[in-house]
Structure formats: structure tokens, C-alpha cells
Amino acid sequence: MRVSELLAPTLREAPTEAEVISHILMLRAGMLRKVASGVYTYLPLGYRVLKKVIQIVREEMDNKGGQELMLPIIQPAELWLESGRWNVYGDELFRMKDRHGRDFALGPTHEEIITDLVRGEVRSYKQLPQLLYQIQNKYRDERRPRFGLMRGREFVMKDLYSFDKDEAGLDESYRKMYEAYTRIFARCGLQFRSVEADPGAIGGSSTHEFMVMADSGEAAIVYCDSCNYAANVEKAEAVPEQLSGDGEMLSLDEVSTPGAKTIEDVSAFLKIAGHNLIKTIVYQTEEETVIALVRGDREINEIKLQNMLGSLQLFMADERTVKELTGAAPGFAGPVGMKGARIIADREIPLMRNAVTGANKTDAHLVNVNPGRDFTPDVVADIRLVRAGEHCPRCEGVLAEARGIEVGQVFKLGTKYSKALGAKFLDENGKEQLMVMGCYGIGVSRTVAAAIEQNHDGDGIIWPMPIAPFQAVVIPVSSKDEGQMGLADSLYNALREQGVETVIDDRNERPGVKFKDADLVGYPLRIVVGSKTVEEGTVEIRHRRSGNVQVVKLEGAAQLIKKIVADEIAESLK
RNA sequence: CGGGAUGUGGCUCAGUUUGGUAGAGCGCACGGUUCGGGACCGUGAGGUCGCAGGUUCAAAUCCUGUCAUCCCGACCA
């Protein structure tokens, strides 16, 4: 490709609409343009990268026996009503009507469609397992699209669905996908980690998320420094810690704590450590009001709490509700004498001795509160947030924290959809059984953004070789110098003959402009043809990531470059 | 959905407080000089100032409404 003919409008300045680096750089490099909030056009360079990732995903899916098909974007409401999700999915579902007033949705995911297909076509255990996937645009009317390709309303996703005859089959399909994902992200040249994740509302037993490590990631994860435990903090298991000892229980007493509403206030006022307090928070679900207790220096993990309660909604109670329940202003709630709400206590609460809690009376707290003696929780469960520095739940190690971008998730669905939609088969005994399903997604466009978040510098993008839009750019220093242009052209042709994906920057621009653009777009290799090429027969190969420059003979340069490209692609698989 | 902010040539922004016929830099076109890290000189094209009402002799500027975009939060197989 000739840069003079390429539609890659680079920008010197970053458009104000972009905030995160991947978004800014894709706009500046002329790869992406916004059409509406969360909706983008991929320009040729951006689309080439997307296609590279798609191809890697496709190869690995096929390697594991995945069969690619293409499902419709437009889906009839009937299927969604049948699965029960038409009413549950909410505003995030893009809905539309046809001219007859029939309801449709733009697919945010394809469990309904695929299950509908399989229930009609698969009848026998002999036809199982089936691993079916597509790479397709998805639509979610996000409340708040943001960060460019990281959270769009239209995005490219690979989704594979597995159909097995039993749990053992599902385990096997799950394992295959887990392996495939590991290879995919490695092949993309990314640093990533798989973590245990929260199954969320979809229900199901096991799920892992694949996280590309980046400080700009939206997800927080913890991982062990000495074993391979890693989990999304939403899910990470907390190990209870006993600090206050099992000393003698002192007698319960009420103290005046005027204006001390927060843990910090009370802690400072009574001159006691935060871990001797019991934090009491009033929550409401669609069905009930509960109070949740964690140690004063801990935080509640609302996702764990919600899963434990099995509720669809969970939010902190408003001031009025708190007053009605406790008879006190917010900040003075406590479990002692609590009526009218279930008490959900974190597993650390029963380990506490002589703790401090709100007195359910404005401006007063109770001291020497002892769980079991002064109150009894209705439920004791792990409902707190895990932080770095805590003990690993699996070994003696210590947990560290990091941030990641979720680019993939593998998920055991079980029979949720096969049951709802009636996807059954006859087993060896002629008995009807529900198919056991799994679903496995990769945010393909998000992976592109994640790659940039992880691979860039002050000058622009640094594409990993396997997903670079082009592997090399040939830059003649002076495009008016016929000698240079001639040599550059022949090198360009030689590279293409070698199968190296190459562009030649033949624009009539000053060298500085070409260098800046090459850095911005992020071609892994830059080959400069200058006066020395004409005079001495040498060209300069510059490695974008390291900045290293090697000067080599023009003769044989194409073969050498081909080898560098091949070596780097091979490296990503190690 | 709650909070905040912004809409002025392709991009970045000034002008709005105090109403008086729309500006700069970059980019773009043409000519010239340049040519190893975003050159310089000259000439030029390009904007119903988000949209709709209103006030006024006169609105980018004031008022009302509306739309869009971005940020924080809530939310998220």
C-alpha cells in the first residue's frame, strides 16, 4: 500500500472527545472516527487490526472444533419473551418495531438465537457436543458509553456456545475454550491474566474472565504472589482475620458520640482503632430491608451481598428508611436490638470482641458489644471487599492488586437456556435430557483498544507484530530524489514478495512528518531509504518498540526483515 | 438515571461577562524556497456560531426550550 493513496488522516492534536489513550491514539492515527456516542467507523488501518485479531480468534476457535456461523443481529421479541429476558434485560436492550408493529431487538448476545437453532436441529446425543460461534456486531444501549472502543454501544464480539450432553462434557468444552483463550491473547502479544469472576445474574457455576493488564482498566483484580490464585475483586474470597482477640467480654455500655457519624469520626472520638468498630449499613432490595455488618476498616462488597440475598436490586437505604428502621440519623445504626430487618454479618463479625457499634440512637454508640451475646446475626457470610495485602484464600501467600481490561469471559451456563427454550435431546437410553450449555465471549474490538492501552508511548501506538495493521513501513527520506524513490520502491516490492505486509510512505512530505506519522500509527518496523542507501547501498531498520536501529545492506534486507517479522510472531506464542 | 461541563470552518481554541455584520493556530488548495524528527514566505477556499422559539433597530453574545457530546457516579452475560 502507498501511504499517498491510503485513507489514514492523522491528527496532530487530540480531539477533545477522547479521554483514554487508546481512543486518542486511534483517532489521531487515522484508524477510527466516531459516528455517534459509542458507535464508530473503522478506517482502513483500524479495520486491518480488527481483522488480524478476528483471524487469530477464528483460527483458535477452529482448532478446538468450533464451527463458525453467522447469526442475525435483528432478533424477534418472541425468543426473548420465551427466555424471560425481554422484560429483564432492561434499557440496555436496543429495541425496535417493524412496520407491522412487531417487536424486535438488536442482539446484545445470542443465547436465544443459538438455542433456538440447536433445539430445532439437534435431537440425539450422537450429535453432541456442538461448539458454534460467530464473530459479529453486538448492540447494547449502554447507559454511559465511554472510552472509545472500550465500552461502545456497537462492538465486535466473538461468541461461542457449547452444547453438551452432560456436565462432564461441559467441563471438557470449558477447558478447550480456556486453552484457546490463553493462546489467543498470547498470540495477540498481550500481557493478560485469567481470574475467577462473579457469575452475576446469569447464574451458573464456574466462570473466568481474561484480563489484559493495564492501569486504565475498569476491573480491579487481586492475585496471589505465591500461588496462581487470581480473582476479580467482585468475586475474590475474603479470609477472615481475628484481631480483637478472645479476651473477656466486658459489659455493654452506651456512650455519647455527638456528631460522630462516620467510622473515622467514631474512631477518633473514642480513640480506638477502626477494626474494633462494626460498620452497619442499611440496604434495601426489591423485597426487604437488611442491615449489613462488616468490620469498621472493611468495605462491603455489594455484589457478594446481592448474590447472597439473591436479589435483583440492591441499594443503600435512604435517610428516611434508616430513621424509620433505627430511630436514629444515619451513622448511628447498629445490630443490637435490631428489629424489622435481617442482620447479615460478614464472617469476621463473630470473631470480634468488645466492639463498638451505633446505638440506634442519634449521637450515641454502644461499646463492648459482643456478637452472640448482644445480638445474633441472621446470616453470616463473606460479604466484604478484599484488598491488597490480605491473605490468599488458597495458600499462605499475600494478595496483590492490579487493574485489568476484561477482554474475554468463559462461562458455564448449565441448563438455564436449554430449559427456558426447551433444547433437549435423546440420550443413549432414549431418555429426553436438557442440553448443558456454556458461553464464551471475546470482546474483539475491546481487545484492540486493550492492546493499545498496554502498548504505546509518548509518540504513539506500538503494535505487537501479530496484530499490527502493517508490519513494516518503508520511508524514502526525500520522495523527490529519484534514486531514493527507485530504491525504496524496489525494496517495497521485494518485501511484498517476501510476504511482509508493507506500506511505502511515498508522500511528498518532509522526513519529520513521515517519521512522526510512522511512530503514531505504530508500524513495528521502519525502514529508511536515504542518501546512504544511494551512496553506500545500506538501509536503516528501526524497531518501533525498542528504538534500536540497525544498518544493513540493501541487498538481502527484505529477507532479513521477513525473518524479524516471523521471529516476533513466533515469540508471541511462547 | 443523578451530578458537572461543553457545543464557533476538518482539528485545537479565542470571542459570550459589557449585544453592533465572525477570528487565530494547525490542516487543506495554488505558487515559491526548503528537505533525516510535525519547515518557511505569499495567495486562497472553507463557518446559517448545535437546533428551535423569544427579547431587540440589531443576537455567537441576553432569555426559554430542545438536541448532541464529554467527564464523575450509579449500572453492566
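All chains are named by letter (A, B, ...) in the order of the sequence lines, taking the proteins before the strands, and each is independently numbered beginning at 1.
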### Summary
Here the salt bridge (Lys or Arg N to Asp or Glu O under 4.0 Å) pairs for residues 3-24 of chain A, sequence neighbours left out, are A:Glu17-A:Lys34
### Query
Reading nucleotides 25-31 of chain B 5' to 3', which nucleotides get B (base under 4.0 Å from a protein heavy atom), which S (sugar-phosphate only), which -?
BSS----
Test side chain to side chain contact (heavy atoms under 4.5 Å, CB included) applied to [X] - qualifying residues, sequence neighbours left out:
X: A:Asp141; answer: A:Phe94, A:Arg153
X: A:Met308; answer: A:Ile344, A:Val379, A:Ala381
X: A:Ala214; answer: A:Ser216, A:Ile405, A:Glu453

Under a 3.5 Å cut-off for both distances, is [N] Watson-Crick or wobble paired, and to whom?
N: B:U64; answer: B:A52
N: B:U69; answer: B:A5
N: B:A39; answer: B:U33
N: B:C76; answer: none
N: B:C28; answer: B:G44
N: B:A58; answer: none

### Query
In a check of salt bridge (Lys or Arg N to Asp or Glu O under 4.0 Å) between A:Arg151 and each of A:Glu92, A:Glu218, A:Glu406, which one passes?
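Answer to the salt bridge (Lys or Arg N to Asp or Glu O under 4.0 Å) test with A:Arg151 among A:Glu92, A:Glu218, A:Glu406: A:Glu218.
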Counting heavy atoms from C-beta on, name the nucleotide in [options] closest to the side chain of [X].
X: A:Pro511; options: B:G36, B:U12, B:G37; answer: B:G36
X: A:Pro15; options: B:U12, B:C35, B:A77; answer: B:U12
X: A:Arg140; options: B:G38, B:A39, B:A77; answer: B:A77
X: A:Arg151; options: B:G38, B:C76, B:G37; answer: B:C76

### Message
Which residues pass the side-chain hydrogen bond (donor to acceptor under 3.5 Å, both in side chains) test with A:Asp171, not counting sequence neighbours?
### Response
A:Lys412
### Results of side-chain hydrogen bond (donor to acceptor under 3.5 Å, both in side chains) for A:Glu154 - residues two or more places apart only
A:Tyr139
### Task
Rounded to the nearest angstrom, tell me the gap between atom NZ in A:Lys480 and atom C1' in B:C35.
8 Å
### Query
Contact class for A:Pro9 vs. all strands (heavy atom < 4.0 Å): base, sugar-phosphate, or nothing?
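Touches nothing.
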### Query
Do A:His23 and A:Tyr40 have their ring centres less than 6.0 Å from each other?
yes
Detail all sub-3.5 Å separations between protein N/O atoms and N/O atoms belonging to nucleotides 68-71 of chain B.
unit_1 : atom_1 : unit_2  : atom_2 : d
B:U69  : OP1    : A:Ser37 : N      : 2.9
B:U69  : O3'    : A:Lys34 : NZ     : 2.9
B:C70  : OP2    : A:Ser37 : OG     : 2.7

### Task
Go through the structure and list residues passing ring pair (Phe, Tyr, Trp, His ring centres under 6.0 Å) with A:Trp80, not counting sequence neighbours.
A:Tyr89
### Query
Donor-acceptor pair under 3.5 Å: do we get one between A:Arg526's side chain and the base of B:G37?
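Such a pair is found, so the answer is yes.
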